[in-house]
Amino acid sequence: MTSPILIAKGLGRRLNNRWLWRDLNFELYPEDRVGLIGPSGSGKTLLLRTLVLLDSIQEGAICFGDDSSGQDVLRPLNRSSITRYRTQVIYLPQRPAVFDGTVEDNLKHVFTLKVQTGVYERSPILHYLNTLNRSEDFLTRSVRQLSGGESQILALLRALQLEPQVLLLDEPTASLDPDTTQQVEELINQWMGGAANRACLWTSHDPQQIQRVTNRQIKLLGNQVKGSV
């Protein structure tokens, strides 16, 4: 039986003395494409931020594979496993942060961070750009000239080149036109097919997109959680 990549156990998030969700339990398996749905204010973005440890875990635990012993064993996150976790679980916010310089400068910059290993390679980026119907010239664009949608594309390229196991996608096509949205969906689909041990968790205000890109959903309803396949 296939083992999960990530397990959320009893997660809870309180905001202004009110629990947005509590006793949240779910698992992400290899090849999972999961939609995170719910009304505005139900805490979808806060859940993604919690999963990537940008916000503290107020209640519960996250378990992830620990291969320090040569075996991919799911264990609760601790100080020694967080570094690896942050290289393998990557969050794409609606409004990504970018650094001064060109698109390619931004792609190179992530490899200077202490948590990352490897070196920048242009070849896979050019392959991604081809899927997005964009030329190599996009790499020389100043980030100050990018639209909101182009910044989302930059953030996606920056994440994919790191070859994570899990992508947490917070409205990744919110600022894109329909054609580019379709291209981004195809690129993420290609990334999912590039290795067996990958999964993604999507939010989107477009119900039709959720149906297209996910195989099951987790629904947040106030302090209740329901999962559907």
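No donor-acceptor pair closer than 3.5 Å links the side chain of Arg13 to the backbone N or O of Leu47. At distances below 3.5 Å, not a single donor-acceptor pair connects side-chain atoms of Gln165 with backbone N or O atoms of Ile5. Under a 3.5 Å cut-off, the side chain of Asn197 and the backbone N or O of Ala195 do not form any donor-acceptor pair. Checked by atom type and distance alone, the side chain of Trp21 never pairs as donor or acceptor with a backbone atom of Leu220 at under 3.5 Å. Remark: the backbone N or O of Gly38 is paired with a side-chain donor or acceptor of Lys44 at under 3.5 angstrom.
Rounding to the nearest 0.5 angstrom, the gap separating the CD1 atom in Ile210 from the CG atom in Leu36 is 8.0 Å. The OG1 atom of Thr87 lies 6.5 Å from the CZ atom of Arg84; values are rounded to the nearest 0.5 Å. Atoms CD1 and CG, from Ile90 and Leu160 in turn, are 8.5 Å apart once rounded to the nearest 0.5 Å. The CD atom of Gln183 sits 12.5 Å away from the CD1 atom of Ile188 when rounded to the nearest 0.5 Å. Separating the CD1 atom in Ile125 from the CD atom in Gln161 is a distance of 4.5 Å, to the nearest 0.5 Å. Between Leu169 atom CG and Tyr91 atom OH the span is 10.0 Å, to the nearest 0.5 Å.
Taking a 6.0 Å sphere around CD of Glu186, one finds it holds more than 12 heavy atoms contributed by other residues, nucleotides or ligands. Counting heavy-atom neighbours within 6.0 Å of Gln182 CD, excluding the residue itself, gives a total of 12 or less. By the 6.0 Å contact criterion, CD on Gln208 is open, its count of non-hydrogen atoms from other residues, nucleotides or ligands being 12 or less. Within 6.0 Å of the CD atom in Glu31, the count of heavy atoms belonging to other residues, nucleotides or ligands does not exceed 12.
Counting only heavy atoms from C-beta outward, the side chains of Leu92 and Leu156 approach each other to under 4.5 Å. Using a 4.5 Å heavy-atom cutoff, the side chains of Leu201 and Leu48 are in contact. At least one side-chain heavy atom of Pro164 sits less than 4.5 Å from a side-chain heavy atom of Trp191. At least one side-chain heavy atom of Ile62 sits less than 4.5 Å from a side-chain heavy atom of Leu11. The side-chain heavy atoms of Ile153 and Leu157, taken from C-beta on, include a pair separated by under 4.5 Å. Proximity of Glu136 to Thr140: side-chain heavy atoms (C-beta onward) are nowhere separated by under 4.5 Å. Side chains of Leu168 and Val166 form a contact here, defined as non-hydrogen atoms less than 4.5 Å apart. The shortest distance between side-chain heavy atoms of Asn16 and Arg18 does not fall below 4.5 Å.
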- Message: Applying side chain to side chain contact (heavy atoms under 4.5 Å, CB included) to Leu162 and Phe111, what does each step give before you reach the verdict?
- Response: CA-CA 9 Å; Leu162 300 176; Phe111 291 102; 3.7 Å; yes
- Apply the test side chain to side chain donor-acceptor pair (under 3.5 Å) to residues Thr181 and Gln209: give CA-CA distance (whole Å), side-chain angles for both, the deciding distance (0.1 Å), then the verdict. CA-CA 9 Å; Thr181 292; Gln209 182 178 50; 5.4 Å; no
- Item | CA sep, side-chain torsions, deciding dist, call: Trp202, Arg212, side chain to side chain contact (heavy atoms under 4.5 Å, CB included) | CA-CA 11 Å; Trp202 287 70; Arg212 285 196 308 269; over 6 Å; no
- Could you walk me through whether Ser42 and Lys219 pass the side chain to side chain contact (heavy atoms under 4.5 Å, CB included) test, one step at a time? CA-CA 9 Å; Ser42 58; Lys219 189 168 187 178; over 6 Å; no
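Closest non-hydrogen pair, Gly35 versus Thr214, comes out as N-CG2, 3.4 Å. In terms of heavy atoms, Val89 sits closest to Val52 at O-CG2, 3.5 Å. Nearest heavy-atom pair across Ile7 and Glu27 is CG1-CG, 3.9 Å. Here the shortest heavy-atom pairing between His127 and Gln190 reads NE2-OE1, 3.5 Å. Scanning all heavy atoms of the two residues, the minimum distance from Leu129 to Ser135 falls at CD1-O, 3.8 Å. Nearest heavy-atom pair across Ala199 and Tyr29 is CB-O, 3.5 Å.
No option in Val34, Ile218, Leu51 other than Val34 meets the side-chain contact (heavy atoms from CB on, under 4.5 Å) test with Leu28.
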For residues 95-107, run the donor-acceptor check on the side chains, cut-off 3.5 Å, and write out each pair with its distance to 0.1 Å, sequence neighbours left out.
unit_1 : atom_1 : unit_2 : atom_2 : d
Thr102 : OG1    : Glu104 : N      : 3.4
Thr102 : OG1    : Asp105 : N      : 3.0
Thr102 : OG1    : Asp105 : OD2    : 3.2
Glu104 : OE1    : Arg122 : NH2    : 2.6
Glu104 : OE2    : Tyr120 : OH     : 2.7
Glu104 : OE2    : Arg122 : NE     : 2.8
Glu104 : OE2    : Arg122 : NH2    : 3.2
Asp105 : OD2    : Thr102 : N      : 3.0
Asn106 : OD1    : Phe99  : N      : 2.8
Asn106 : OD1    : Arg158 : NH1    : 3.4
Asn106 : ND2    : Phe99  : O      : 2.9
Asn106 : ND2    : Thr102 : O      : 3.1

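For residues 160-180, no pair satisfies salt bridge (charged side-chain N to carboxylate O under 4.0 Å, His left out), with sequence neighbours left out.
The side-chain contact (heavy atoms from CB on, under 4.5 Å) check on Glu150 picks up Arg134, Phe138, Arg141, Leu146, Ser147, with sequence neighbours excluded.
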